Number of protein chains: 2
Amino acid sequence: MSALRTLYERADVVPLLAEIFRELGFEGATLSRITERTGIGKGSLYHFFPGGKEEMAAAVLAEVDTWFEQFVYEPLRRDDPAEAIAAMWKNADAYFRSGGRICLVGAFALDETRERFATTINDYFQRWIDALAGALVRSGRPASEARAAAENAVLGIQGALVLSRALDDKALFKRALDQMAKRLITS
Amino acid sequence: MSALRTLYERADVVPLLAEIFRELGFEGATLSRITERTGIGKGSLYHFFPGGKEEMAAAVLAEVDTWFEQFVYEPLRRDDPAEAIAAMWKNADAYFRSGGRICLVGAFALDETRERFATTINDYFQRWIDALAGALVRSGRPASEARAAAENAVLGIQGALVLSRALDDKALFKRALDQMAKRLITS
DNA sequence: GTCTATACAGTGATAGAC
DNA sequence: GTCTATCACTGTATAGAC
């Protein structure tokens, strides 16, 4: 007979932690709030993450990184550039739920949490920009412009997340992404 | 004879608090860290801000709002639009220290701190966008484009802050602002 | 107006029963 | 693998001496 209570594996816990860190930030995500929202006791959490809250956040960041590597960066490096870039905008809108979900890496970059995860944060954005700039070059864009254009696109997504949350306006997020998508391939 | 110790007024404390909230975030800025960094005891802090940490953050947000109203929004509504827009970019670069200093309002928008200060956060960005869109219209830009262009500029500054901090690259911030300034008046 | 002392809930973390 | 109990510490907040 299977147990009535839900049993977790570490891999099941990470997505739950991700949403909590996204909503509350690193400092705001206290162990009791994590316990409260997941129903997982402190004992279990420390069983999965002996390094405590820092290991939890690191695991979340690693999973975010894997997701973007697989569904955004790799396609940008490998696939037809125009298709991969179109898929990037589509994936970004879906992943960030049209501004309803923030970018954890971007949020961590803003306060002192940055110090804890500096290289992870740096790599996430650096690889995004590199992959996008590479795709732009392959699509015929001069290398001299490609990097700045890529930076602008990545930065625009982060800004759209901030502004759409500040104004509580998901339509703004979609509109901004559409405009950036057009500008990226035309200008 | 004047006292050896520094005596503060409430108005002197607010800028100190601003930098601490910027660096640590709302949750990360604990009273002991505030005391430690400012040298002001808890008794004094609660004398100035009976409402505790929330009142401290509200006072900081109010001061930020006043600064932008005076040096950015009002000029955009009142002065020659081209000059006011040029001044906006210059002021933004100076205020945010080329990405070395974040936007507290934007940072608060990202996590649950948003709930505490929702209307303040909303107003800050809404008035910025309105003032900028108005200046663009006065400079001859079609009203149909002005709002989206204004949103894009405001969002771009927020994104540039995130990205320049993530990559620890102030040059990127300046570069991005230059590019956005050009695009705002040409496209 | 600022200090020290202190209240007491909440913090991350650990140990041991099951 | 999960629970309860508990640790030492830090959190916000208050009171009273000066």
Side-chain angles (χ1 to χ4, degrees), chain A residues 1-61 104 108 111-117, chain B residues 1-61 104 107-108 111-113 115-117:
Chain A
M1 256 179 95
S2 73
L4 284 173
R5 87 170 17 268
T6 311
L7 296 184
Y8 290 103
E9 295 183 29
R10 192 186 133 118
D12 302 322
V13 182
V14 177
L16 303 175
L17 293 174
E19 293 313 312
I20 295 169
F21 280 120
R22 260 187 260 268
E23 286 173 35
L24 308 178
F26 184 79
E27 296 288 347
T30 66
L31 285 191
S32 30
R33 296 222 242 185
I34 293 170
T35 301
E36 179 190 308
R37 295 197 182 199
T38 60
I40 303 167
K42 290 184 192 179
S44 308
L45 288 169
Y46 273 89
H47 171 70
F48 292 130
F49 309 95
K53 206 167 80 161
E54 180 147 355
E55 189 178 338
M56 297 178 208
V60 169
L61 287 175
L104 194 61
F108 279 6
D111 62 27
E112 41 118 42
T113 310
R114 187 187 160 281
E115 262 59 55
R116 288 178 194 265
F117 306 109
Chain B
M1 255 181 97
S2 75
L4 284 173
R5 87 171 15 269
T6 312
L7 297 183
Y8 289 102
E9 296 183 27
R10 192 186 132 117
D12 302 321
V13 182
V14 176
L16 303 175
L17 293 174
E19 293 313 311
I20 295 169
F21 280 121
R22 260 187 260 268
E23 286 173 36
L24 307 179
F26 183 79
E27 297 288 347
T30 66
L31 286 192
S32 29
R33 296 222 241 185
I34 293 171
T35 301
E36 179 189 310
R37 296 198 182 199
T38 60
I40 303 167
K42 291 181 193 180
S44 308
L45 288 169
Y46 273 89
H47 171 69
F48 292 131
F49 309 95
K53 206 167 81 161
E54 180 148 356
E55 190 178 336
M56 297 179 208
V60 169
L61 287 175
L104 194 62
F108 280 6
D111 63 27
E112 41 119 41
T113 310
E115 262 59 56
R116 288 176 194 266
F117 306 109

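What you see is a predicted model, and the numbers here were worked out from it, not measured in a lab. Residue numbering restarts at 1 for every chain, and letters A, B, ... go by the order of the sequence lines.
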**Prompt:** For C/dA13, does OP1 or OP2 lie under 4.0 Å from any side-chain N or O of A/Tyr46?
**Reply:** yes

**Request:** Remember a base hit wins even if backbone is also touched, and classify B/Lys53 as base, sugar-phosphate or nothing at under 4.0 Å, heavy atoms.
**Result:** sugar-phosphate

**Prompt:** Base, sugar-phosphate, or nothing for A/Gly41, non-hydrogen atoms under 4.0 angstrom?
**Reply:** sugar-phosphate

**Prompt:** What integer distance in Å separates A/Met56:CE from C/dA13:C1'?
**Reply:** 10 Å

**Rounded distance in Å - CZ (B/Arg33) to C1' (D/dT12)** = 15 Å

**Asked** Should A/Ile34 and A/Ile40 count as side-chain neighbours, where that means a heavy-atom distance under 4.5 Å?
**Response** no

**Prompt:** Can you tell me how far the CD1 atom of A/Ile20 sits from the CZ atom of A/Arg33, to the nearest 0.5 Å?
**Reply:** 10.0 Å

**Message:** Tell me the interatomic distance from B/Asp12, atom CG, to C/dT2, atom C1', rounded to whole angstroms.
**Reply:** 15 Å

**Asked** Rounded to the Å, how far apart are B/Ile40 CD1 and D/dA13 P?
**Response** 17 Å

**Complete:** By nearest-heavy-atom nucleotide on DNA chain D, the more 5' of A/Phe48 and A/Lys42 is A/Phe48

**Message:** Once rounded to the nearest 0.5 Å, what's the spacing between atom CD of A/Glu112 and atom CG of B/Leu24?
**Reply:** 5.0 Å

**Request:** Rounded off to whole Å, could you give me the CZ-to-P distance for the A/Phe49 and D/dG1 pair?
**Result:** 13 Å

**Complete:** Atom CG of B/Leu45 and atom P of C/dT4 are separated, to the nearest Å, by 13 Å

**Asked** Which part of the nucleic acid does A/Gly43 contact within heavy-atom distance under 4.0 Å: base, sugar-phosphate only, or nothing?
**Response** base

**Request:** Ignoring backbone atoms, establish whether B/His47 has a side-chain N or O less than 4.0 Å from OP1 or OP2 of C/dG1.
**Result:** yes

**Request:** Report the C-alpha distance between A/Glu54 and A/Phe117 in whole Å, list the side-chain angles of each, state the deciding distance to 0.1 Å, and finish with yes or no for side-chain contact (heavy atoms from CB on, under 4.5 Å).
**Result:** CA-CA 9 Å; A/Glu54 180 147 355; A/Phe117 306 109; 4.2 Å; yes

**Prompt:** Are OP1 or OP2 of C/dT11 and a side-chain N or O of A/Thr30 less than 4.0 angstrom apart?
**Reply:** yes

**Prompt:** Looking at CZ of B/Phe108 and CD of B/Glu115, how far apart are the two atoms once the value is rounded to the nearest 0.5 Å?
**Reply:** 13.0 Å

**Request:** Find the distance B/Ile34:CD1 to D/dT10:C1' and express it as a whole number of Å.
**Result:** 14 Å

**Asked** To the nearest Å, how far apart are B/Leu31 CG and C/dA9 C1'?
**Response** 14 Å

